[in-house]
Protein chains: 2
Amino acid sequence: MDVTVLDRLLQISELFQRDLANAFAGTPLTTARVRVLWVLAHRGPSAQHDLADALETSPRNVTGLVDALEAAGYVRRAPHPTDRRAYLVELTAVASEQMERMRVDHAELSAALLAAVPESDRDALERGVAAIADRLETLVLADEAARAAVREASA
Amino acid sequence: MDVTVLDRLLQISELFQRDLANAFAGTPLTTARVRVLWVLAHRGPSAQHDLADALETSPRNVTGLVDALEAAGYVRRAPHPTDRRAYLVELTAVASEQMERMRVDHAELSAALLAAVPESDRDALERGVAAIADRLETLVLADEAARAAVREASA
DNA sequence: GCGAATAGTGCAGTACCTTCACGATATGGA
DNA sequence: TCCATATCGTGAAGGTACTGCACTATTCGC
């Protein structure tokens, strides 16, 4: 029963979640809410249905997340310039700064983790992790397509 | 803005979660519940507070998860042989078989992912991923210790 | 114009998790 | 032996993250 690369990756996956939860403990921010802020930082002001697409969740869920973020002062709902049904959700100054800090932390963590790997292993590591990510993505997407086909057939 | 190893690892982390959710869609099983079954499969029949320790969650939460698993026929609450306050939670035959299938799937996924990596990169990959996992664990634990110290000081 | 699609939300419901309080039982001394 | 104390599990209450359906307001295509 040896520890495989897969097990290590799962362990890393758990540690990431824990680290993120720790980082925002004691604030109104949570994983789901930070993801909204993160997307807004990268895409700029967005309509809620665009956020739903980017986050791969339902528009209804975005409403709730934006409600919470708005109440806590992290985002604003501005009127959409051309569509009166929609809002433009945008970061407040506080949230922009927080996201910038997060970007820096992300870069620092990236560097710190890479520094733990001997120089001579880094290229192979980079290739290997990329290959695994691609393969895993392919497998998951194929699996989801197969499930969708089954649902289609039984409908 | 290049894609770092860290970004790849985060992507892998998301894909794992998605894969697990897909695998149990349409059943009463969820990530949290499967984790309970997984622990039981590895530790054998356990008292609920032991499950809470193993899952790093509260005993109260375990009560709810075991309630759901018991209602769905995946576990049984047997009397504890020496402690009348406690139960021994144990897998039913159905759940044992499911966990065995899961173990096989796990091994197959492990093999499939490793097969995506060229033979010549595997050793370096293994070392690199292990080094990153260890470093990340160290960082997270140090961070948690620092937070605990702050809480202690302000109390 | 007018019917159909779209943007967002109220309402209802599920799951996961927390904290606090409590009853039942176990345990380690005096 | 008896009692204080700790432990095991759960009721109650509450917060967050989701889902689906129904509905309003608006936009868009013909």
Side-chain angles (χ1 to χ4, degrees), chain A residues 14 17-18 20-22 24-40 45-72 74-90 151 155, chain B residues 14 17-18 20-22 24-40 45-72 74-90 151 155:
Chain A
E14 275 181 37
Q17 292 173 245
R18 220 162 110 182
L20 191 64
N22 287 339
F24 293 103
T27 78
L29 293 179
T30 61
T31 305
R33 293 173 189 174
V34 169
R35 295 216 314 144
V36 174
L37 298 182
W38 190 249
V39 168
L40 285 173
S46 309
Q48 292 187 190
H49 73 272
D50 286 332
L51 288 177
D53 288 347
L55 297 165
E56 297 191 56
T57 185
S58 65
R60 186 63 190 85
N61 190 25
V62 172
T63 299
L65 294 172
V66 171
D67 281 350
L69 289 170
E70 194 174 33
Y74 290 95
V75 304
R76 249 188 317 273
R77 276 185 171 103
H80 193 288
T82 64
D83 189 338
R84 283 190 297 165
R85 293 169 302 180
Y87 298 112
L88 269 190
V89 181
E90 54 188 28
R151 266 200 310 282
Chain B
E14 276 180 37
Q17 292 174 243
R18 219 161 112 182
L20 191 64
N22 287 338
F24 293 102
T27 79
L29 293 179
T30 61
T31 305
R33 292 173 190 174
V34 169
R35 295 217 313 144
V36 174
L37 298 183
W38 190 249
V39 168
L40 284 173
S46 310
Q48 293 186 190
H49 73 273
D50 286 332
L51 289 177
D53 288 345
L55 296 166
E56 296 191 54
T57 185
S58 64
R60 187 61 189 84
N61 190 25
V62 171
T63 299
L65 294 171
V66 170
D67 281 350
L69 288 170
E70 192 174 35
Y74 290 95
V75 304
R76 248 189 319 272
R77 277 185 171 101
H80 192 288
T82 64
D83 189 338
R84 284 191 296 165
R85 293 169 302 178
Y87 297 112
L88 268 190
V89 182
E90 53 188 27
R151 267 200 310 281

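Naming convention: chains lettered A, B, ... in sequence-line order (proteins, then strands); numbering from 1 in each chain.
- A:Asp50 CG to A:Gln48 CD: the interatomic distance, rounded to the nearest 0.5 Å, is 10.5 Å.
- If you take NE2 of B:His80 and C1' of C:dA24, they are 15 Å apart, rounded to a whole angstrom.
- Each of B:Ala32 and B:Asp83 was assigned the nucleotide of DNA chain C with the nearest heavy atom; the assignment lying further toward the 5' end belongs to B:Ala32.
- Distance, A:Tyr87 OH to D:dA25 C1': 11 Å, rounded to whole Å.
- In this structure, B:Ala68 reaches neither bases nor backbone, as no heavy-atom distance under 4.0 Å exists between it and the strands shown.
- Nearest-nucleotide assignment on DNA chain D puts the 5′-proximal partner with B:Asp67, out of B:Asp67 and A:Pro28.
- Computed from coordinates, the B:Leu51 CG to D:dC8 P distance equals 12 Å when rounded to whole Å.
- Between A:Gln48 and the phosphate of C:dT9, there is a side-chain N or O to OP1/OP2 separation shorter than 4.0 Å.
- Comparing C:dG8, C:dA26, C:dC16 against the side chain of B:Arg84 picks out C:dA26 as the nearest.
- Here OG1 of B:Thr63 is found 6.5 Å from CZ of B:Arg77. Values are rounded to the nearest 0.5 Å.
- Atom pair A:Glu70:CD and C:dT9:C1' shows a separation of 13 Å (rounding to whole Å applied).
- Distance, A:Phe24 CZ to D:dG15 P: 22 Å, rounded to whole Å.
- Between B:Arg77 and D:dT10 there is a side-chain polar atom (N or O) within less than 4.0 angstrom of OP1 or OP2.
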Identify each atom pair where a protein N or O and an N or O of nucleotides 1-7 of chain D are less than 3.5 Å apart, giving names and distance.
unit_1 : atom_1 : unit_2  : atom_2 : d
D:dT7  : O2     : B:Arg85 : NH1    : 2.3

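- For the pair B:Leu40/B:Leu51, a side-chain contact is recorded, criterion being any heavy-atom separation below 4.5 Å from C-beta on.
- In this structure, B:Arg18 and A:Glu56 have side chains that are in contact, with non-hydrogen atoms separated by less than 4.5 Å.
- Of all heavy-atom pairs between B:Thr31 and B:Leu20, the closest is CG2-CD2, 3.8 Å.
- Checking D:dA17, D:dG9, C:dA7 against the side-chain heavy atoms of A:Arg33 singles out D:dA17 as nearest.
- Between atom CG of residue B:Asp83 and atom NE2 of residue B:His49 there is a gap of 8.0 Å, rounded to the nearest 0.5 Å.
- Atom-to-atom distance recorded for B:Leu29:CG and B:Arg35:CZ is 14.0 Å, nearest 0.5 angstrom.
- Between B:Ala32 and B:Leu65 the shortest heavy-atom distance is CB-CD2, 3.9 Å.
- Distance, A:Asp50 CG to C:dT6 C1': 12 Å, rounded to whole Å.
- Panel note: side chain A:Arg33, backbone A:Leu69; no donor-acceptor pair is recorded below 3.5 Å.
- Of all heavy-atom pairs spanning A:Ala54 and A:Val39, the tightest one is CB-CG1, 3.9 Å.
- Of the residues in residues 57-66 of chain B, those lying under 4.0 Å from DNA chain C by heavy-atom distance are B:Thr57, B:Ser58, B:Arg60, B:Asn61, B:Leu65.
- No contact: B:Arg35 has no heavy atom under 4.0 Å from any strand.
- In this structure, CG of A:Leu20 is placed 17 Å from P of D:dT16, rounded to the nearest angstrom.
- B:Leu55 has its CG atom 16 Å from the C1' atom of C:dT18, to the nearest Å.
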